[in-house]
There are 2 protein chains.
Amino acid sequence: MKTRNARAREGHAPDASALPPESGGPQIERPAARVTLNDIAAHAGVSRATVSLVLRKSPLVADDTRTRVDAAMAELGYVYNRRAANLRSGASRTVGLVLCEITTPNYAQFTSGVDEVLDGAGYAAFITNSNEDSTRQRRLLVRMQEHGVDGIVLIPAEDTKADVLADAYSAGVPCVVAQRRLEGLTADYVGPDYGAGMELVTEHLIALGHRHIGFIGGVRRIAPLAERLAGFRRALRRHRLKSGPVVPCAVQDRADGYAAARDLLAAGEIPTALVCYNDVVALGVMLALAERGLTPGKDVAVVGCDDVAEAGLSRPALTTFTTDPRVVGREAARLLLRRIENPNRPPEQIIVPPRLIIRQSCGAAPGQRTRAAAPAASPVPRRPARARTA
Amino acid sequence: MKTRNARAREGHAPDASALPPESGGPQIERPAARVTLNDIAAHAGVSRATVSLVLRKSPLVADDTRTRVDAAMAELGYVYNRRAANLRSGASRTVGLVLCEITTPNYAQFTSGVDEVLDGAGYAAFITNSNEDSTRQRRLLVRMQEHGVDGIVLIPAEDTKADVLADAYSAGVPCVVAQRRLEGLTADYVGPDYGAGMELVTEHLIALGHRHIGFIGGVRRIAPLAERLAGFRRALRRHRLKSGPVVPCAVQDRADGYAAARDLLAAGEIPTALVCYNDVVALGVMLALAERGLTPGKDVAVVGCDDVAEAGLSRPALTTFTTDPRVVGREAARLLLRRIENPNRPPEQIIVPPRLIIRQSCGAAPGQRTRAAAPAASPVPRRPARARTA
DNA sequence: TGGAATTTTTAGACCGATCTAAATCTTTGT
DNA sequence: ACAAAGATTTAGATCGGTCTAAAAATTCCA
């Protein structure tokens, strides 16, 4: 208790120091007492209200006055106090971003995209990491609200229930769910389309002449596998092809793909092409092929998903598709801004189309490198598709 | 202008909707009017001041009263308004983190470490990305101050001058610089010690019997190379060994290390071991060796730096050291919290020691995997070293 | 039982901005 | 020259908490 009180008192008497020790530069003149609108007003010989108008670039103030006030602000080194402003005006120009994981390259890119758009619009973002822990996630969401954010972007932790955002919604805080769909919630959502991506790479293999195509990776009965497998099968069905062997396996490590492919090869039935759950699996699969004396891209085509950094550097370089996480981030931020501006618009679902990246592992002509979208009769629109929900 | 006004008015009249459309759950009862302390006070039959005391868990309030107030808060669905609280009390429990780049795995890890500690201490972090643009960085720092953060953690953009933080310091905002040293500023700093890391791996090679050791990577006359090369040379000098060939080269792509190593090998003088600027270079070097029929870890030892994900997966797996970016992040956050608590303490420089990770590429016995710190006569302390500046 | 000591509660100023409604100052028209 | 219209400026309430100082309630003890 004593400590607590002591600390509180300390915090109350604002300390003039906390200065850099012996920073070479000129000594600091001003003490740490915050300059306020009143100070500016006094210094410029106008009222506080006028200064406020100048701050907000109101057309009401006379040019002459504006100049005087601007000068006073510069002279006194005024720093705008958003918290105070927000208290009265409501909006905080602040957004909360609750991630399930920061360090995954995918989500780091996503975050970067969100930040880019928000920063451009003058918003600052509270960013936190639930670490796939839905309890922590709930706590973070509450904290965001305590801070009075204007909106929230959420990548739900794995065991998230559809009602996580109930509190936020009932408090009138706009929310956008991103990257992972929340079952049972039809609200604003932005995410990639893995199914379409799988369709894209499979179509590409078919166009190259492959007729016996297998699928490797993914854990049975988990949503992401179902989505990808569905895309794979849609492409096959369109061309009236039967599916080759489907081998589920873990997808964390290339050892997983390696083991799965080795088993498949040992079983004897070797497809001419393998679609992999993701790049990590694909890289492992290529290892297993090489070990068997098969050249990926020549004897067996291999394609992945994600376009991880390693994909472009492996030998042969991996043909894959990207879900453009940075674009997903940008779209999520834009959607949130639209919703903040107009809370009554109908909910929107934005599906960012995949982008095919053709390299050597599929056996395509080496001249052909990257294709921005699917071929002629593409099932996927070129730009982010906006679909209203009924 | 019109739009602007319209928007402002909109913001002012809080909208009751912005609800999720047809979310399966139960319909929302409460409109979006924020519940305040006054509401709680009225409902519980006490004064606003008392409710405030309950909120802050003051020992002054009677248990009976506390229970009643807690019940009222639960019943009305109260959400604490930090902005309002902060306005009066000063501290905002908010910190700004200005990064030069989010997507680099190193900095993503760093961010995660910062977030972990701050979250644990009940702080929320504004996180933004200067994108190596010092103008943008300056803007972001101002914005942080406008939001009234209690402190700032900065990874300076590349062309940052030592006075970036002058404004923050003169406003009394505690700051910690991380990862990249700012020349000419002796203030709180937390960063890795690449020099010691290079010393560590070089010592390890020497302990394995190597006497002819070369160095590959880095751009001449740029600080990071100088620091690493110095560590490399310290280790050699300690054992009275002459340096093998030193080959600078770019360090972005494994193609860079590949080319440099190929040139070196072509020149004929082949060291028994190669210390590489980082893992990416080392992976390229191993490619060049293999191409020449030399087995990394057997014919020529190779070591890197960073412990990127790929390092553990390559064949042979790469011996390297990590600068533990997550630990650096944690330490940076802790230091900032200490400084916030006591702005007058002397500045601190925390250098996080490197950690050696022994795998196969150096030719060590395969049983030996990871060592937490340097051997017996280590020049580097085991735990983060805290050195006060004069 | 009365008054001091202690515990608990509270009124009202305050933080630094925005917002409303009204006051003041300029122009303009006749 | 005077009123109406338009352009600027401003006083004072307000946002939702915290803080201070004092009031009210309770307990303690002679």
Side-chain angles (χ1 to χ4, degrees), chain A residues 1 4-5 7-14 33-42 44-69 73 76 78-93 145-148 171, chain B residues 1 4-5 7-14 33-42 44-69 73 76 78-93 145-148 171:
Chain A
M1 281 309 132
R4 215 184 152 279
N5 276 330
R7 200 177 297 170
R9 199 167 307 133
E10 223 175 74
H12 185 229
R34 194 153 191 164
V35 179
T36 77
L37 275 202
N38 280 316
D39 302 328
I40 306 296
V46 295
S47 76
R48 189 172 70 254
T50 303
V51 180
S52 177
L53 290 175
V54 171
L55 268 181
R56 285 172 290 150
K57 309 209 189 308
S58 160
L60 291 179
V61 298
D63 286 350
D64 168 40
T65 311
R66 183 190 310 284
T67 319
R68 208 143 32 91
V69 171
M73 294 201 294
L76 298 185
Y78 174 70
V79 177
Y80 186 64
N81 184 336
R82 277 174 202 276
R83 287 178 300 170
N86 301 164
L87 181 55
R88 183 68 224 268
S89 67
S92 69
R93 291 246 143 198
Q145 291 197 60
E146 293 184 354
H147 278 289
Chain B
M1 282 307 135
R4 214 182 153 282
N5 275 331
R7 200 177 300 170
R9 200 165 309 133
E10 225 174 75
H12 185 231
R34 195 154 189 162
V35 179
T36 78
L37 276 203
N38 279 316
D39 302 328
I40 306 295
V46 295
S47 76
R48 189 171 73 256
T50 303
V51 180
S52 176
L53 290 174
V54 171
L55 268 180
R56 285 172 288 152
K57 307 208 190 308
S58 160
L60 291 179
V61 300
D63 286 348
D64 167 40
T65 311
R66 183 189 311 283
T67 319
R68 209 142 33 90
V69 171
M73 293 200 294
L76 298 185
Y78 174 71
V79 177
Y80 186 64
N81 183 336
R82 276 172 202 276
R83 285 177 301 170
N86 301 163
L87 183 55
R88 180 71 223 265
S89 67
S92 68
R93 291 246 145 199
Q145 291 196 61
E146 293 185 352
H147 278 288

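Computed from a predicted structure; not experimentally measured. In what follows, chains carry the letters A, B, and so on, assigned in the order in which the sequence lines appear, proteins first and then strands, with residues in each chain numbered from 1.
Residue-to-nucleotide proximity on DNA chain D shows that, of A:Arg48 and A:Arg68, the 5′-proximal contact is made by A:Arg68.
Counting non-hydrogen atoms under 4.0 angstrom, B:Arg82 reaches nothing in the nucleic acid. Residue contacts shown for A:Ala49 include a base, since a base heavy atom lies under 4.0 Å away. A:Ala84 comes within contact range of at least one nucleobase, with a heavy-atom separation under 4.0 Å. At a threshold of 4.0 angstrom between heavy atoms, the contacts of B:Thr50 include nucleobase atoms, whether or not backbone atoms are also involved.
Relative to the side chain of B:Arg88, the nucleotides C:dT18, C:dA13, C:dT9 differ in distance, and C:dA13 lies closest. Distances from the side chain of A:Leu87 to the nucleotides C:dT9, D:dT9, D:dC15 place D:dC15 closest.
Rounded to whole angstrom, the span from the CG atom of B:Leu60 across to the P atom of D:dA21 amounts to 15 Å. Protein atom CG of B:Asp63 is 8 Å distant from nucleotide atom P of C:dT8, rounded to whole Å. Atoms CG (B:Leu76) and P (D:dG16) sit 14 Å apart, rounded to a whole Å. A straight line from CD of A:Glu146 to C1' of D:dG17 spans 13 Å, rounded to a whole angstrom. Going from atom CG of B:Asn38 over to atom P of C:dG12 covers 14 Å, rounded to whole Å. For the pair A:Asn86 CG and D:dT14 C1', the computed distance is 15 Å after rounding to whole Å. The CG atom of B:Leu53 sits 13 Å away from the C1' atom of C:dA11 (whole-angstrom rounding). Between the P atom of C:dC19 and the CG atom of A:Leu37 lies a distance of 12 Å, rounded to the nearest Å.
OP1 or OP2 of C:dC19 has at least one side-chain nitrogen or oxygen of A:Arg56 nearer than 4.0 Å. Considering only side-chain N and O atoms, A:Arg34 lies nowhere under 4.0 angstrom from the phosphate OP1 or OP2 of C:dG16. The phosphate of C:dT10 (OP1 or OP2) has a side-chain N or O of B:Ser47 nearer than 4.0 angstrom. For C:dT8, the OP1/OP2 oxygens have no side-chain nitrogen or oxygen of B:Arg66 closer than 4.0 Å. Using a 4.0 Å cut-off, some side-chain N or O of A:Thr65 falls inside it from OP1 or OP2 of D:dT9.
Heavy-atom minimum distance, A:Asn81 versus A:Arg34: CA-NH2, 3.8 Å.
Side-chain contact between A:Leu55 and A:Leu37 is present, with at least one heavy-atom pair separated by less than 4.5 Å.
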